[in-house]
Amino acid sequence: MSDYRIETKCIQSGYTPKNGEPRIVPIVQSTTFKYDDSDEMGQLFDLEKSGYFYTRLQNPTNDAVAAKICDLEGGVAAMLTSSGQAANFYAIMNIAEAGDHIICSSAVYGGTYNLYAHTIRKMGIQATFVDPDCTEEELNAAFQENTKAVVGETIANPALTVLDIEKFAKAAHAHGVPLIVDNTFATPINCRPFEWGADIVTHSTTKYMDGHAACVGGAIVDSGNFDWEKYADKFPGLTTPDETYHGLVYTERFGKGAYITKATAQMMRDLGSIQSPQNAFLLNLGLETLHLRMPRHCENALKAAQYLQAHEKVAWVNCPDLEGDKYHELAKKYLPNGSCGVITFGLKGGRDAAVRMMDFLKMIAIVTHVADARSCVLHPASHTHRQMNEQELLEAGVQPDLIRFSVGLENIEDIIADLQQALEEV
Ligand SMILES: *Cc1c(COP(=O)(O)O)cnc(C)c1O
């Protein structure tokens with residue numbers, strides 16, 4: 001499958017029916033699987049044999065869709081989770097525990113910031129947040145003896161900073177830890193972080209992958225490139241016996257599949273944030289057109305950004321594809337075919353004008369979402385990021401007047417007409 005081009009992978013990867021089997025991936029709506037032989041079931045529980053026995057651990061529909069995402073990213077193994085939050089939680093908990101430390105770009109999704117700054121801290125894992133534009137020296141200075149991972153977003157939601165993946169990968173590898181990249185906004189159509197040195201990729205599949213605002217979901221993909229055994233003392237969970245599986249050692253038994261197998265066999269077994277097979281089926285329908293939708297999202301977003309930039313009431317616009325944008329050079333390197341459909345802007349009238357303008361929009365709706373077919377707006381300072389104080393907002397790259405605008409797949413003339421009439425009103 002991996003020799004096909006990405007457009008073909010969107011459609012064909014993950015599921016190849018045999019003679020007489022369903023043409024499209026079936027929804028295996030079953031919690032459990034039947035066996036004739038009690039011993040065989042025992043071997044499944046011991047991870048001695050691979051097979052299905054309980055959907056909390058694995059389900060054929062989910063596995064087919066995970067395999068497609070794996071192929072799109074160019075990884076070796078992948079799993080679906082119930083949400084992007086669960087993916088980013090498991091990605092860390094799979095390799096860190098109480099007493100450990102991680103480094104995270106300060107420009108990340110608000111939910112990820114809360115998860116790493118507050119929730120995992122209560123579990124004993126500390127996070128240091130670094131400016132994504134920091135120098136190599138500043139980045140290197142953030143590492144500690146107990147650092148277990150470095151995390152960033154290819155295109156940050158909603159700061160729209162573009163991560164210098166090579167710079168982050170180099171620092172992570174120099175300190176013997178993996179780089180985890182949340183590739184939600186770029187999708188593997190526009191960027192494949194493994195090609196730039198990232199080791200693990202996470203997704204909120206809720207966004208462009210689903211693309212229709214139908215299902216919350218997430219995914220974790222492993223490149224198979226990180227050498228856990230080389231840094232065995234840092235990652236005992238992968239390189240020493242797991243007593244809950246009779247002393248099995250993940251790296252010995254599963255090689256390049258160690259990270260995802262452990263995440264399934266331990267994290268999913270114990271925490272249970274599975275994606276429902278029904279949702280995985282819908283996600284797969286989204287994936288089949290991802291390669292058609294992403295270029296149109298980018299094209300519409302750039303046109304909307306150019307329109308806003310030229311408008312007298314608009315103070316500033318962020319869009320990495322826009323000539324002169326602070327991240328344009330990084331975008332040209334990492335996202336040569338376009339970044340994503342999300343842009344941000346502020347009005348000369350400030351925070352109040354921003355909130356009022358949103359109320360005047362007719363087609364473009366105010367919703368807590370981004371990255372689906374319908375254009376929508378959100379004011380992060382009053383919505384997604386409202387838990388943050390002014391300082392935290394600025395560190396996360398969220399100006400108080402920032403409107404996050406997810407440009408959809410409607411005709412761009414209609415999108416611009418709606419912006420125009422709303423801007424006239426404020
Ligand atoms: C939305 C989002 C998440 C969280 O995903 P959910 O599916 O909403 O849990 C994580 N990372 C990024 C970049 C996101 O945009």
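Atoms within a ligand are numbered from 1 in the order they appear, just like the ligands themselves.
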Quiz item: To which protein heavy atom is atom 9 (O) of ligand 1 closest, and what is the distance rounded to 0.1 Å?
Solution: Q85 N, 2.9 Å

Practice problem: Assess the side chains of T244 and R269: does a donor N or O sit below 3.5 Å from an acceptor N or O? | Solution: yes

Quiz prompt | Lys/Arg N to Asp/Glu carboxylate O, E329 vs K333, below 4.0 Å | solution = no

Quiz item: Is there a nitrogen or oxygen of G84 sitting under 3.5 Å from a nitrogen or oxygen of ligand 1?
Solution: yes

Self-check item: G217 neighbourhood, listing ligand 1 atoms whose heavy-atom distance to it stays under 4.0 Å
Solution: 7 (O)

Quiz item: What protein heavy atom is closest to atom 7 (O) of ligand 1, reported as residue, atom name and distance in Å?
Solution: T206 OG1, 2.6 Å

Exercise. Pick one of side chain, backbone, both or neither for how V370 approaches ligand 1, counting any non-hydrogen atom pair under 4.0 Å.
Key: neither

Quiz prompt | Mutual orientation of the aromatic rings belonging to F45 and F53 [parallel < 30°, tilted 30-60°, perpendicular > 60°] | solution = tilted

Quiz item: To which protein heavy atom is atom 1 (C) of ligand 1 closest, and what is the distance rounded to 0.1 Å?
Solution: K207 NZ, 1.5 Å

Quiz item: Testing N183, L163, L335, T184 for side-chain contact (heavy atoms from CB on, under 4.5 Å) with I155, which one passes?
Solution: L335

Exercise. Using a strict 4.0 Å cut-off to heavy atoms of E153, name the atoms of ligand 1 that fall inside it.
Key: 13 (C)

Quiz item: Does the distance from a Lys or Arg side-chain N to an Asp or Glu carboxylate O, for R351 and D401, drop under 4.0 Å?
Solution: no

Quiz prompt | Atoms in ligand 1 with a heavy atom of N157 nearer than 4.0 Å | solution = 14 (C), 15 (O)

Practice problem: Could you check atom 4 (C) of ligand 1 against the protein and tell me its nearest heavy-atom contact, residue, atom and distance included? | Solution: Y109 CE2, 3.4 Å

Quiz item: Hey, what's the ring geometry for H118 with Y113, parallel, tilted or perpendicular (30° and 60° as the breaks)?
Solution: perpendicular

Quiz item: With a 3.5 Å cut-off and no angle check, do the side chains of D131 and S106 form a donor-acceptor pair?
Solution: no

Exercise. For F185, counting its heavy atoms only, list the atoms of ligand 1 lying under 4.0 Å from any of them.
Key: 15 (O)

Quiz item: Out of D182, T184, I155, T112, whose heavy atom is nearest to atom 11 (N) of ligand 1?
Solution: D182

Practice problem: Go through the steps to decide whether K170 and E136 satisfy the test salt bridge (Lys or Arg N to Asp or Glu O under 4.0 Å), and finish with yes or no. | Solution: CA-CA 9 Å; K170 189 175 159 205; E136 284 189 34; 3.0 Å; yes

